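Below is one structure, written out as structure tokens; comments come after it.
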Amino acid sequence: PIKWAVDTTPVYDRFGDELTPNSVLYSEWNTFTLQDPNFFFIEPMKIYLPQGSNTITVFVNEGFFLFGDITVGNVYEEPLSYSEYLNEHTGSSVENAIEIAAERYSYESEQNIRSKFVRNPSLTPYSYKNRVLNVLDQSAYRESGDSVTYIFDVAESGYYNLTIKYMQSENDELDSQRAILIDGEIPFAELESYPFEFSRKWVNETLHDDEGNFEIYLEAGTHELTLLANNKKLRDVYHNLLSILDDIDAIARDVNKITGGLSDRYRDYKLDVYIPTISSDLERLKEELINEKSQIIELYGTDDLSIISEINLCLKYFDQFIENPDEIPPFQYRFNEGTGSIYAKINVILPRLIDNPLQMDSLIFHNEDYKLAKANVNIFVRSWESVRAFFYSFVDPKYNEETEVDDDTVVVWVRQSRLYIQVMQRMIDEGYTEDTGNKVQLSVMPDETKIVLANAANRTPDAAMGLSVTR
């Protein structure tokens, strides 16, 4: 697996705003097992080998790597249950707490994972004047297999609770799943796929089950904490829904063979004569969909979900086709064609089930008596910080930069996001300006019409980028 080392030294632009840190490919000798690329399974893949001599061939499709050794065998050990884990370790609760800033991770599995600034006084660090990275961005940390790793020091051996301050607001109603690893190992089975519930507000989530908070034993010294996005709990539902889609597709092909692609509502196609099993196949698919609906309700603990409403509509359509299979040709927009069909609705549900956004502010190892700060500040604090930020914007050099540009600086307006421009500005400052001495300043151009207005005021930039072709 690829691992990227993230630069832990903060870097700032000319206005004192913190920039997204660079990351470089980290090369090391590592022992790993073949894993499911979609991360439906935590345990390694198993391959059947017949008795006798076998040949293993490895093709490199992209990149390169070095083999030190290859081991064939069942070397994986299932994680202990939580009760077994407690019996394996002896120790007591600790006095000190260890706080880790979620945005200051040491390693990432993908370069697109990033930290960002959110202007919210509930978060740490926070500044109403400048942008400071203070959260791990859920928009970039959501794909199956995405992981971040934190390196931290433990001063005192003992049992710790782990609290994660998070928000998950981009996959409505559904949980995000994470495997929690300490030093590359899952401590106990309950952390193989821990759910973080949907929340539009910040939440202090102390890892727990129905019986209480989990205690994780840590020896004094340096440790690694890894959070890995996976789909273990949803693998059966996901694959069964995929199977239903395949069967719907197969039925639709058989129907088209009979109808020739025509869809006359007043024609008697006699599909049950030409396809004798069509009614029983539709009944079976309906029952399978009901079973998957029950599984989803059991996993999330509620039936008040938009995906359940979509499944209920699919079941209604199945009833129509079971009652009269000849309804399929004229109503294919309800069966397998169009955005409102059974096929399309299930196809929309599938990516939502394996979408795992998670935005984090901090991770804290602590004892049971540790008093956590409130996850969200009150409305008076938020209002006051908004007022301060508003008035500061009138003197903020970022928004008054044009008045400070000298005649030797090349001014370029760019119609891209602020993050995009920050990266470009950093590359120019560290490369071009440092080598040539020529200064370049990029500015956000939210609207192309600004060029016309600037021309009328005789304040045009030296160059503009990101304009549409027609202008």
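Being a predicted model, the structure only gives us computed values, none of them experimental.
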*Does atom OH of Tyr333 have more than 12 heavy-atom neighbours, drawn from other residues, nucleotides or ligands, at distances under 6.0 Å?*
yes
*Who pairs with Lys46 by side-chain hydrogen bond (donor to acceptor under 3.5 Å, both in side chains), at least two apart in sequence or on another chain?*
none
_Has Asp13 got a side-chain atom pairing as donor or acceptor with Gly16's backbone, closer than 3.5 angstrom?_
yes
_I'd like to know whether CD of Glu173 has more than 12 heavy-atom contacts from other residues, nucleotides or ligands below 6.0 angstrom._
yes
*Taking side-chain hydrogen bond (donor to acceptor under 3.5 Å, both in side chains) as the test, write out the residues that go with Asp462, two or more places apart.*
none
_Under the criterion side-chain contact (heavy atoms from CB on, under 4.5 Å), I'd like the reasoning laid out for Val72 against Ile56: C-alpha separation, chi angles, the key distance, then a yes or no._
CA-CA 10 Å; Val72 178; Ile56 297 176; 3.8 Å; yes
*Just wondering, more than 12 heavy atoms not from Glu156 lying within 6.0 Å of its CD?*
yes
*Answer yes when Lys233 and Glu190 have at least one side-chain N-carboxylate O distance shorter than 4.0 Å, and no when they do not.*
no
*asked:* I'd like to know if the side chain of Tyr159 and the backbone of His89 have a donor-acceptor N/O pair within less than 3.5 Å.
replied: yes
*Okay, side chain of Asp209, backbone of Gly212: is any donor-acceptor separation there less than 3.5 Å?*
yes
_Looking at Leu207, is its backbone amide N or carbonyl O close enough to the side chain of Asn161 to form a donor-acceptor pair, meaning the two atoms are under 3.5 Å apart?_
no
*asked:* Under a 3.5 Å threshold, yes or no: a donor from one side chain and an acceptor from the other, between Ser122 and Asn120?
replied: yes
*Is there a donor in the side chain of Thr226 and an acceptor in the side chain of Ser147, or the other way round, less than 3.5 Å apart?*
no
*Considering the options Leu245, Asp247, Ile342, which one meets the side-chain contact (heavy atoms from CB on, under 4.5 Å) requirement together with Leu285?*
Asp247
*Mind jotting down which residue pairs meet the ring-ring contact (aromatic ring centres under 6.0 Å, His included) criterion with at least one end in residues 225-245? Sequence neighbours excluded, please.*
Phe40-Tyr238, Phe40-His239
_As a quick check of understanding, evaluate ring pair (Phe, Tyr, Trp, His ring centres under 6.0 Å) for Phe394 and Tyr392, giving each step before the final call._
CA-CA 5 Å; Phe394 291 102; Tyr392 180 72; over 10 Å; no
*Around atom CZ of Phe391, are there more than 12 heavy atoms of other residues, nucleotides or ligands at under 6.0 Å?*
no
*Will you find, in the side chains of Gln168 and Ser199, an N or O donor that is under 3.5 Å from an N or O acceptor?*
no
_Donor-acceptor side-chain pairing of Ser294 and Glu292 below 3.5 angstrom_ = no
*Between Arg382 and Glu385, is the closest basic N to carboxylate O distance under 4.0 Å?*
no
*Applying side-chain contact (heavy atoms from CB on, under 4.5 Å), run through Asn356 and Asn171 and close with a yes or a no.*
CA-CA 8 Å; Asn356 291 291; Asn171 193 10; over 6 Å; no
*For residues Gln138 and Ser169, is any side-chain donor paired with an opposing acceptor at under 3.5 Å?*
yes
*Does atom CD of Glu43 have more than 12 heavy-atom neighbours, drawn from other residues, nucleotides or ligands, at distances under 6.0 Å?*
yes
*Kindly assign one of parallel, tilted or perpendicular to the pair Tyr85 and Phe188, based on the angle between their ring planes and the thresholds 30° and 60°.*
tilted
*Just by modelled atom types, is the Asp172 backbone N or O under 3.5 Å from a matching donor or acceptor in the Arg352 side chain?*
yes
_Reported CH2-to-OH distance for the pair Trp384 and Tyr128, which is rounded to 0.5 angstrom_ = 8.5 Å
*asked:* Testing the basics here: between Glu205 and Tyr166, what is the closest heavy-atom pair and its distance to 0.1 Å?
replied: CB-CE2, 3.6 Å
_Does atom CZ (Phe380) have a neighbourhood of more than 12 heavy atoms from anything else shown, all under 6.0 Å?_
no
*asked:* Would the distance check show the side chain of Asn240 and the main-chain N or O of Asp236 forming a donor-acceptor pair, the cut-off being under 3.5 Å?
replied: yes
*For the side chain of Ser157 and the backbone of Ala220, is there at least one donor-acceptor N/O pair under 3.5 Å apart?*
yes
*Please step through ring pair (Phe, Tyr, Trp, His ring centres under 6.0 Å) for the pair Phe196 and Tyr194, ending with a clear verdict.*
CA-CA 7 Å; Phe196 292 87; Tyr194 189 86; 5.3 Å; yes
*asked:* Consider ring-ring contact (aromatic ring centres under 6.0 Å, His included). Of Phe152, Tyr370, Tyr217, which one does Phe365 pass it with?
replied: Phe152
*With no hydrogens and no angle check, is any side-chain donor or acceptor of Glu143 less than 3.5 Å from a backbone partner on Glu110?*
no
*Salt bridge check: are Asp36 and Lys232 linked by an N-O gap of less than 4.0 Å?*
no
*Between Asp17 (side chain) and Arg131 (backbone), is there a donor-acceptor pair under 3.5 Å?*
yes
*Say you draw a straight line from OG1 of Thr163 to CG of Asn204; how long is it, rounded to the nearest 0.5 Å?*
6.5 Å
*Modelled atom types, side-chain donor and acceptor of Asn291 and Gln295, under 3.5 Å*: no
_Quick check against the 3.5 Å criterion: does Arg426 have a side-chain atom that pairs as donor or acceptor with the backbone of Thr20?_
yes
*Decide yes or no on side-chain contact (heavy atoms from CB on, under 4.5 Å) for Ile186 and Ile180, but give the supporting numbers first.*
CA-CA 6 Å; Ile186 297 174; Ile180 313 294; over 6 Å; no
*Return yes when atom CG of Leu372 has more than 12 non-hydrogen atoms of other residues, nucleotides or ligands closer than 6.0 Å, and no otherwise.*
yes
*asked:* With a sphere of 6.0 Å drawn around NZ of Lys116, does it hold more than 12 non-hydrogen atoms of other residues, nucleotides or ligands?
replied: yes
*Do Asn367 and Tyr160 get their side chains close enough for a donor-acceptor pair, meaning under 3.5 Å?*
no
*Hey, what do you get for CG (Leu136) to CZ (Arg114), rounding to the nearest 0.5 Å?*
10.0 Å
